[in-house]
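To keep things clear, I will list the structure first and then write my remarks on it.
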Amino acid sequence: MRHLIFILALSIFSIKSMGQSSEEIVQKQLDFYNNRNIEGFMSLFANDAMLVNQTDGKVLAEGKEAVREIYTNLFEKSPNLKSVLKNRMVLGNTVIDHENITGRMGNSEAIELIVIYEIRAEKIFRCTVIRGNSDQ
């Protein structure tokens, strides 16, 4: 009986460790963002991904190709783009990052954001952005 329980526990651990955690997925996304690697970046988004501005509820992009279009443009026009993680909270499939972004579209001033990533089946399916200053 102990042997069976050990095998069952080992199997559950193996299945759990095969997948990526929500935090690992978001960290990879941040690394690809900082390297302006559009293919790696997009590999972490679901086909039905959505970008949302929390302040006004406006959907900025709906679907993976719309997300790709926004970030391809951003990466091409932002050679000095860099996001510095200030803080991260994780609860289940939700990761909340507090970021400072510099070099966006050639701008030298930092933009402060809170980004809420929701993960489903190891892909980002919803990304909600809260800007530190609504004028930006």
*Could you note down all residue pairs passing ring pair (Phe, Tyr, Trp, His ring centres under 6.0 Å) where residues 87-110 supplies at least one of them, sequence neighbours left out?*
none

Which value, rounded to the nearest 0.5 Å, describes the distance between [X] atom [atom1] and [Y] atom [atom2]?
{"X": "L74", "Y": "I38", "atom1": "CG", "atom2": "CD1", "result": "8.5 Å"}
{"X": "L113", "Y": "I130", "atom1": "CG", "atom2": "CD1", "result": "9.5 Å"}
{"X": "I116", "Y": "C127", "atom1": "CD1", "atom2": "SG", "result": "9.0 Å"}
{"X": "N93", "Y": "E118", "atom1": "CG", "atom2": "CD", "result": "6.5 Å"}
{"X": "R126", "Y": "I119", "atom1": "CZ", "atom2": "CD1", "result": "13.0 Å"}
{"X": "I25", "Y": "L44", "atom1": "CD1", "atom2": "CG", "result": "7.0 Å"}

*Should we count CD of E69 as having more than 12 external heavy atoms under 6.0 Å?*
no

If we only count heavy atoms from C-beta on, is the [X] to [Y] side-chain gap below 4.5 Å?
{"X": "V52", "Y": "M50", "result": "yes"}
{"X": "L51", "Y": "V129", "result": "no"}
{"X": "D97", "Y": "N87", "result": "no"}

If you compare all heavy atoms of [X] against all heavy atoms of [Y], which two are closest, and at what distance to 0.1 Å?
{"X": "R36", "Y": "L81", "result": "CD-CB, 4.0 Å"}
{"X": "G106", "Y": "S78", "result": "N-OG, 4.5 Å"}
{"X": "I124", "Y": "A49", "result": "O-CB, 3.8 Å"}

*Could you pull out all residues at least two apart from Y33 that satisfy ring pair (Phe, Tyr, Trp, His ring centres under 6.0 Å)?*
F75

Flag, side chain of [X] to backbone of [Y], donor-acceptor distance under 3.5 Å:
{"X": "N34", "Y": "S83", "value": "yes"}
{"X": "K123", "Y": "S43", "value": "yes"}
{"X": "E24", "Y": "S21", "value": "yes"}

I'd like to check the side-chain contact (heavy atoms from CB on, under 4.5 Å) partners of [X]; sequence neighbours left out, ordered by chain and number.
{"X": "V90", "value": "E23, R88, V95"}
{"X": "E39", "value": "N37, R68"}
{"X": "N80", "value": "none"}
{"X": "D31", "value": "Q27"}

*Please report the C-alpha distance between N107 and M105 in whole Å, then the side-chain angles of each, then the deciding distance to 0.1 Å, and finally whether the side chain to side chain contact (heavy atoms under 4.5 Å, CB included) criterion is met.*
CA-CA 6 Å; N107 192 342; M105 305 300 269; 5.6 Å; no

Taking distance alone, no hydrogens or angles, what donor-acceptor pairs closer than 3.5 Å link side-chain atoms of residues 56-65 to residues at least two apart or in another chain?
from	atom 1	to	atom 2	distance (Å)
D56	OD1	K58	N	2.9
K64	NZ	M42	O	3.3
K64	NZ	F45	O	3.4

_Any pair counted as salt bridge (Lys or Arg N to Asp or Glu O under 4.0 Å), so long as it reaches residues 43-52, sequence neighbours left out_ = D48-R120

Please list, chain by chain and in numerical order, all residues satisfying side chain to side chain donor-acceptor pair (under 3.5 Å) with [X], sequence neighbours excluded.
{"X": "K86", "answer": "none"}
{"X": "K28", "answer": "Q20"}
{"X": "Q29", "answer": "Y117"}

Under a single-linkage definition using a 4.5 Å side-chain heavy-atom cutoff for Ile, Leu, Val, Met, Phe, Trp and Tyr, are [X] and [Y] assigned to the same hydrophobic cluster?
{"X": "I114", "Y": "I101", "value": "no"}
{"X": "L85", "Y": "V115", "value": "no"}
{"X": "L30", "Y": "I70", "value": "no"}

*What residues form a salt bridge (Lys or Arg N to Asp or Glu O under 4.0 Å) with E99, not counting sequence neighbours?*
none

